[in-house]
Protein chains: 2
Amino acid sequence: MSARPPLGRPTLEMVAKEAGVSRATVSRVVNGQPTVNEDMAAVVHAAIERLQYVPNRAARTLVNRTSNAIALIVPEETTRFFQNPFFVAVVEGITARLEQSDFILNLLVASSDPRAKITRFLASGAVDAAIFVAHHAGDASITDVDRRIPTVFAGRPAGEGAEGRVYIDTDNADGAHRAGQHLIQRGRRRLATITGPLDMAAGQDRLNGFVRALAEHELEPVGVEVTDFTPRGAVRACERLLARTPDLDGLFVASDLMAVAALTWLRSAGRDVPADVAVVGFGDDPAASIAEVPLTTVRQPSIEMGRLLADAALRLIDGDADVAPVTVLPTELIRRSST
Amino acid sequence: MSARPPLGRPTLEMVAKEAGVSRATVSRVVNGQPTVNEDMAAVVHAAIERLQYVPNRAARTLVNRTSNAIALIVPEETTRFFQNPFFVAVVEGITARLEQSDFILNLLVASSDPRAKITRFLASGAVDAAIFVAHHAGDASITDVDRRIPTVFAGRPAGEGAEGRVYIDTDNADGAHRAGQHLIQRGRRRLATITGPLDMAAGQDRLNGFVRALAEHELEPVGVEVTDFTPRGAVRACERLLARTPDLDGLFVASDLMAVAALTWLRSAGRDVPADVAVVGFGDDPAASIAEVPLTTVRQPSIEMGRLLADAALRLIDGDADVAPVTVLPTELIRRSST
DNA sequence: GTCGGTCAAGAGAGCGCTCTCTCACCATGG
DNA sequence: CCATGGTGAGAGAGCGCTCTCTTGACCGAC
């Protein structure tokens, strides 16, 4: 299509000529191989400096079959992803870890037609490993993803093709269990929950943990509203919940983003928090502490999760055989004013 | 170092053999060139399907001198970047735009030793364009960045090497001017501001706009505290401000992230907001509306900014000569309860 | 003085792709 | 009937790099 524009960048060849040595020698110097005479290495370094030589990444990738890049795959809508502080924190952790390596992060957000785009990208040899964040059970990508390329999941992958995958997760069930226990301890008995999507492990596990905590006290939730981890979804869930169970006195919301929205809605609906309804969120997002009623919530180590994800990917690339297939990080209940 | 592991992926060559045609023909089919006989194209497509062939990206990049990738360069600490909703929103916009293209985003966060890492990366031919976000005047990267590769800045680049650069910015000065005007309209006269870093254009421009608004009413700020766009910095700035000017009655804080922190601190210090001190933020981050006192703020179209950045980068890559070097997006004052 | 051993540097192939150049083929017109 | 032109497909070079293989220089040893 477009004419090949001359990049005008120096090549190994040019450095070799400049230094009066062979291409191979320059390559050896660039890659720090010890079998090069000191004086010669100095000459080569000088030539590199003079020409401002930087190795071409594509050429290296082609011959080495190694790109020094990791893909972050997000089979989710951009807005849902970026508006969710948990995901952003995971990316922060990944980035922080990669900054200490010489790997580059490739961000691939593919909500539309994820199957084709993602699998093609991973098969193109553009990256050495992939990290999946925000995947759903239905995502073809999980089933499809070539097991030849190291892959790590943020959160337990659900659905087919998930078995044997390496993942790092928060102990969602345990965290939700704590939330349930806490509400009961605060004397609440008419408890409901607003969940995340049940095709995501985080949604499912948080619901299960909460229900189990209630069951241990011979209680059952008076309402379970399944929604989508968005503030808007939470508000609609609240409306339905209160329409059916006006005497609700405790609410566990499966993410802080939703919990803060619920909180605001409850107050505008005339419910005092926590006097009328106690609310517990999940995540300990920044929003939790600055909300109009600072939110009791379950803290999860999201940044750490990102770090561990990147670390696992790096180790898999290295061929490290002892990467733990499953890592589950502990949660902690943070008590604030909403309960 | 590592032995070259056989990728085991089909190559053009193998597809050619499978289809009984030449490499060139397969290449033509893959790239949708019209000069191929229909039947032959069908045969090739079948072979591609059978072998699950996907073109190798590195090989293509090498010969085409085009990577179909854009770098997002962040010469800032990971935490400061990811904890700032404005930056995240910009990334969201960039991603949203790129999703509609077949370009990939390379995220390069390089706070330590940014000069070497960034310039080397850009010189390696790994990307076709670069988008700079969160740059400071001191950043060597700005001066250094090769003008041979299309580059776009989020926010007016300050300092040396900034002249003639393509950038997209919010009308920071005008927004801050509105904030100042609004505080004055609300009857406040003892006005102070907490600024961002003055080596970032956003920090400088917001200060200027605010001071200008005051000057138009023959006022001068009773306090100017320069800090770093972080909540912690805002709190320290507040402490200093109130120690020196206890009768402060209006405060313009140059980012919502800081404004919310200031708000919380002011209230814990016994000041009522807005009765004692009216507060205006900047950005209209999600936090602004959910804060304990919903925040009056200056809205900036951050996601749109990201979209435009990506769009400009794409157009520059296309060789489009009429990319506007300067785009300034309007702001809007959002009145809430803090004033 | 010759030989084998060691080590540094060069020669050259090849990674997977694209693109130009060439050629074969068929249709057309004089 | 042959010259002409147009069209579709193949041959082959080359993008910038790494790596194996080979060469050559130098050393000590017999």
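Throughout, protein chains are lettered first and strands after them, A, B, ... in sequence-line order, and every chain is numbered starting at 1.
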Respond yes when some side-chain nitrogen or oxygen of [X] is under 4.0 Å from OP1 or OP2 of [N], and no when none is.
{"X": "A/Asn31", "N": "D/dT18", "result": "yes"}
{"X": "A/Ser22", "N": "C/dA11", "result": "no"}
{"X": "B/Ser27", "N": "C/dT18", "result": "yes"}
{"X": "A/Arg65", "N": "C/dG16", "result": "yes"}
{"X": "B/Thr25", "N": "D/dG10", "result": "yes"}

Distance check needed: [N] [atom2] versus [X] [atom1], whole Å only.
{"X": "B/Met14", "N": "C/dC15", "atom1": "CE", "atom2": "P", "value": "12 Å"}
{"X": "A/Met40", "N": "C/dG10", "atom1": "CE", "atom2": "C1'", "value": "10 Å"}
{"X": "B/Asn64", "N": "C/dG16", "atom1": "CG", "atom2": "P", "value": "16 Å"}
{"X": "B/Asn37", "N": "C/dC26", "atom1": "CG", "atom2": "C1'", "value": "13 Å"}
{"X": "A/Asn56", "N": "D/dT18", "atom1": "CG", "atom2": "C1'", "value": "13 Å"}
{"X": "B/Arg57", "N": "D/dG16", "atom1": "CZ", "atom2": "P", "value": "19 Å"}
{"X": "B/Gln33", "N": "D/dT7", "atom1": "CD", "atom2": "C1'", "value": "14 Å"}
{"X": "A/Lys17", "N": "D/dC17", "atom1": "NZ", "atom2": "P", "value": "14 Å"}

task: Could you tell me whether the side chain of A/Arg23 has a donor or acceptor atom within less than 3.5 Å of a complementary atom in the base of D/dT18?
output: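 Answer yes: a donor N or O sits under 3.5 Å from an acceptor.
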Can you tell me whether the side chain of A/Arg28 and the base of C/dG10 have a donor-acceptor pair closer than 3.5 Å?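 Result: at least one qualifying N/O pair found.
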For [X] and [Y], which I'm curious about, is there any donor-acceptor pair between the side chains at under 3.5 Å?
{"X": "A/Ser67", "Y": "A/Asp128", "answer": "yes"}
{"X": "B/Glu92", "Y": "A/Thr79", "answer": "yes"}
{"X": "B/Arg65", "Y": "A/Asn56", "answer": "no"}

If you assign A/Arg60 and B/Glu38 each to the DNA chain D nucleotide with the nearest heavy atom, which residue ends up on the more 5' nucleotide?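 The residue closer to the strand's 5' end, by nearest nucleotide, is B/Glu38.
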**Study point:** Residue closer to the 5' end of DNA chain D, B/Leu62 versus B/Ala24 (nearest nucleotide)
**Key:**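 On the 5' side of the pair lies B/Ala24.
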> Should we count CZ of A/Arg120 as having more than 12 external heavy atoms under 6.0 Å?
Replying inline: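 Counting other residues, nucleotides and ligands, CZ of A/Arg120 stays at 12 neighbours or fewer.
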Check the orientation of B/His135 and B/Phe153. Use parallel for under 30°, tilted for 30 to 60°, and perpendicular for over 60°.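 Perpendicular.
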